Protein chains: 4
Amino acid sequence: MTTNDLKAKSVPYKLASRLNHSESTVVQVGDRKIGDGSVAVIAGPCSVEGRQEIIEIAKELKREGAHLLRGGAFKPRSSPYSFQGLGETGLKFLAEAREVTGLPIVSEVMDIENLPMACAYIDMIQIGARNMQNYPLLKAVGRTTKPVLLKRGLSATIEEWLMSAEYILSEGNPNVILCERGIRTFETATRNTLDLNAVPVIKHLSHLPIIVDPSHGTGVARYVPTMSMAAIAAGADGLILEAHQCPESALSDGQQSITPEEFSRLMQKVEVFTSALQKDGVTIG
Amino acid sequence: MTTNDLKAKSVPYKLASRLNHSESTVVQVGDRKIGDGSVAVIAGPCSVEGRQEIIEIAKELKREGAHLLRGGAFKPRSSPYSFQGLGETGLKFLAEAREVTGLPIVSEVMDIENLPMACAYIDMIQIGARNMQNYPLLKAVGRTTKPVLLKRGLSATIEEWLMSAEYILSEGNPNVILCERGIRTFETATRNTLDLNAVPVIKHLSHLPIIVDPSHGTGVARYVPTMSMAAIAAGADGLILEAHQCPESALSDGQQSITPEEFSRLMQKVEVFTSALQKDGVTIG
Amino acid sequence: MTTNDLKAKSVPYKLASRLNHSESTVVQVGDRKIGDGSVAVIAGPCSVEGRQEIIEIAKELKREGAHLLRGGAFKPRSSPYSFQGLGETGLKFLAEAREVTGLPIVSEVMDIENLPMACAYIDMIQIGARNMQNYPLLKAVGRTTKPVLLKRGLSATIEEWLMSAEYILSEGNPNVILCERGIRTFETATRNTLDLNAVPVIKHLSHLPIIVDPSHGTGVARYVPTMSMAAIAAGADGLILEAHQCPESALSDGQQSITPEEFSRLMQKVEVFTSALQKDGVTIG
Amino acid sequence: MTTNDLKAKSVPYKLASRLNHSESTVVQVGDRKIGDGSVAVIAGPCSVEGRQEIIEIAKELKREGAHLLRGGAFKPRSSPYSFQGLGETGLKFLAEAREVTGLPIVSEVMDIENLPMACAYIDMIQIGARNMQNYPLLKAVGRTTKPVLLKRGLSATIEEWLMSAEYILSEGNPNVILCERGIRTFETATRNTLDLNAVPVIKHLSHLPIIVDPSHGTGVARYVPTMSMAAIAAGADGLILEAHQCPESALSDGQQSITPEEFSRLMQKVEVFTSALQKDGVTIG
């Protein structure tokens, strides 16, 4: 038994640990690889609001360089009286947007009942922060082969987060991507505290890819571009961004959504930033 | 429109608010009332471990004055490799323990699939802290008429907690009991920080009963009796306690479980405490 | 070397630990003992606002049963533009109030410069939450023989708090009383989260007395009486309460100050509560 | 009165606000400007341990590109039994290291008594996290003209932090540099949670420079280089880093200290990173 074997025994996650799987995992979503050293950009509105709206924004985001399209059809809203999403209709609209743009689509699934139906439409299942420890749901997505975007819970430790990944991996689905989206602290100047420490910590402890959500991580559109750069410098494998044609009239999360124009400027920065670094041989992360 | 109507508009929970329902709600679970000014004591092991074990502890707890029996059949464990509970078999054993002792039974349900089956056995559905914002599950229990024990999420604000209650109430089930079980903070001397402030705050904002879980709220058996007294003094409508014949060999949460002997001493304190106070006309809370 | 000696080696605080000092410490402040099993009540305004005001409220509080008088002369305000306290003049007014009422006086000292001067007036030095890790100040009060009321820092762990007590004890001053005044968490319904778990934890780990500040611990006058009862049930050796003749016009902390009438009702509850418990032989804590 | 004047009224900090001072402040420390768009690197050991040691590490750090030298002479240790620093002797050694290397020196001052003496040696006064709300000390440094490095308190909100800066500014000292060093959260994989959101938030709200301390912000040497890059990408005006010739034998904070070799590699990354970005016209922050 090697030293590494012994060390592996002391972490409660086995399949998620880098000790047992030294090579970084690359997850393929549609035609896009995540975790291969490039920066994957997932963008789209918080909620799918209508057929026209999602197709239009998808076309703009595609044109500006997005690699995947996000959009919520089932929305975990804190109020039962808030817009709860379009459900399967929303997924149909997302699938149409994919047909038009070629962008693979990512959407949240909140319960086991809707999982088979949702899998028929989407390319990557998102597990939201509030469901990070919904173990029956984790086991169910673990029994599919779909890529899973596992968001960190609002007050989940990094170890608990990896244990939730372990639930999915241990059911047989190796395609897990972690998503840091901010944790809950006492600070009120931002919606959440984006814990970028988590990026190098996860890279050290695990072989799974990790992307960052600066939209939820700050809660304020103005800070999204800067924190996107910081996330890339911290070694993130990608970004997930809320973008909306008209943030003021968004049905959810308008305050943290950027416009297509802001997205365009952000993508230029991302490109210059990553190519400049590669050109100069700086390895980030 | 009265002043109260206007005020009601400014809180996001309508049915849970005391502004629209000034009288305190009393929930009946089996033959026990919760919220009527008495202190209801729910006790039992973290997990149902076997038929003999649950019947035996139920008899002891009944003899010492417990009013309801708790026991986990479906366990939300942070590790997929930990004991996950006996499932329906566990519920059958609980039902047998009820038959023997007459104690109504409380057990956690983690998914919609198992809800109808579980409802056939149990008297009160527990929604665990990790599922406080599992909205499809909340809606599903809202469509039953079973009493629901809604635990506060690890980092849920009081407002978010009341909004989760609102999900259940708005589906038609008025039988919601809130349970403060400690929140996650930086302190490590205890497993969680028991937020007893939440008791008078909930009493002020809402008409729903609130009970306290000092077992999870401290994580240390030694502190459970004292914090039980503090919870009652804060105005709690009841306690939920982890008790086990042999805490050291419990399959889960042994460190915070009290023995039947400790439970017996605690119940004597509870009785003297509440009757002394009533005798002297002190209204708590 | 006994087992306890060995255990003592594993906690970083030596003089504050109960392992090396099994008997509970009783601190005498003026003619009042704190830590002897009774409940000491310290009350007064947040700030000393004037001679008449402090003498008047002191007389009322004395009449209603307060044991010590508090009042701030040096105020740690988050804004440099807020009222900073009357300084030495405030201490003179406090001393006059003591002369009139016989109540020992407690007031905060924020720097070493003013310590000798302040010691000439006051009976107990308060170290505020923001100065809990102001080590030069702790050492300086440790070189006096005055009783010290050491408030817990906003985000101090219980171990760090005991280490700050250790700074005072190790300089030769054994008269330290700890004060739980709420910690900073994500919850916004209350100003702080009153951590009553800290009371039994401190009683277990240390021989030092501990009192509770429900005024800062809740930040809302309405919740102060209830949380005072909860603190006593948790085993606290006393309470420190903000009281003001006219909370709406207080120069600081009006929202959390109770009126003399509310104080009177609270003291009746405290008395009935403690005597009822003693009569029935219930040992709290 | 303009819109901005009105807005200024609604923030409690006046002198620290960008509304009243739109141009970014540049602070000169020795011959180094901080806040002018460049990245200033402050490095050195946690504690000054001896004359030879500090001179030697200063020479190495200077050679590798550091712009300022840090070193603690007065150490705020949580235990009274831990090494408390060399005091004035430490400051003398720092001054010798400056003479040898030309690097301006930064060191923490913990009390008013030692302030005039310390000012005779050092180029920038550090106010530590535990003293962020030590108002008498803030006022005292505000009455000097020395640059002040104001570290964020462990649980201070951004607004409270700016209010502490306001204490210094309002006494007449405009040379304040803010330092984000991590906040206290529930996460235990890192010593603190580095809140890089604070960088763009401060840049938006205030004209003061802000630097980042990834040594305390992570508590783990392995993560320091990556989080240094993230801090620069977030728009920080500089870094403050703990470096030690032999971290394993450091008298304090060895776990988070990098070696001179690691510092050298980090500085190469910083240089390539910043020049690559400038070359490509990417404005960070």
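Atom set for the values below is all heavy atoms of this structure, side chains included, hydrogens, waters and symmetry mates excluded. We name chains A, B, ... by the order of the sequence lines, and we start the count at 1 in each one. Not measured: the values here are computed from a predicted model.
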Chemist: Does CD belonging to Gln255(A) count more than 12 external heavy atoms closer than 6.0 Å?
Modeler: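 Counting other residues, nucleotides and ligands, CD of Gln255(A) stays at 12 neighbours or fewer.
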Chemist: Please rank Pro76(B), Ser164(B), Ser82(B), Gly153(B) by heavy-atom pairs under 4.5 Å with chain A and give me the top one.
Modeler: Pro76(B)
Chemist: Checking heavy atoms, do the side chain of Glu113(B), its backbone, both or neither come under 4.5 Å from chain A?
Modeler: both
Chemist: Answer yes or no: are there more than 12 heavy-atom neighbours, outside Gln84(B) itself, under 6.0 Å from its atom CD?
Modeler: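 It does: Gln84(B) CD has more than 12 such atoms within range.
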Chemist: Taking Ser155(A)'s backbone N and O only, do any of them form a donor-acceptor pair with Arg184(B)'s side chain (distance below 3.5 Å, no angle check)?
Modeler: yes
Chemist: Side chain, backbone, both or neither: which part of Tyr81(B) has a heavy atom under 4.5 Å from chain A?
Modeler: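 Interface part for Tyr81(B): side chain.
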Chemist: Locate the shortest heavy-atom distance separating Arg77(A) from Tyr167(B); write the atom from each residue and the value.
Modeler: O-OH, 2.6 Å
Chemist: Go through the atoms of Glu160(B) and report whether side chain, backbone, both or neither lie under 4.5 Å from a heavy atom of chain A.
Modeler: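 For Glu160(B), side-chain heavy atoms alone lie under 4.5 Å from chain A.
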Chemist: Out of curiosity, Met110(A) CE to Gln133(B) CD, how far, rounded to the nearest 0.5 Å?
Modeler: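 With rounding to 0.5 Å, CE (Met110(A)) is 10.0 Å from CD (Gln133(B)).
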Chemist: Could you check whether any side-chain heavy atom of Ser78(A) comes within less than 4.5 Å of a side-chain heavy atom of Tyr135(B), counting everything from C-beta outward?
Modeler: yes
Chemist: Rounded to the nearest 0.5 Å, how far apart are CG of Leu137(A) and CG of Asp111(B)?
Modeler: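 The CG atom of Asp111(B) is 9.5 Å from CG of Leu137(A), to the nearest 0.5 Å.
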Chemist: Would you call Pro12(B) and Ser79(A) a side-chain contact if the rule is heavy atoms closer than 4.5 Å?
Modeler: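 With C-beta onward as the side chain, the pair stays apart.
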Chemist: Less than 4.5 Å to any heavy atom of chain A: does that hold for the side chain of Asn131(B), its backbone, both, or neither?
Modeler: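 Contact with chain A: side chain only.
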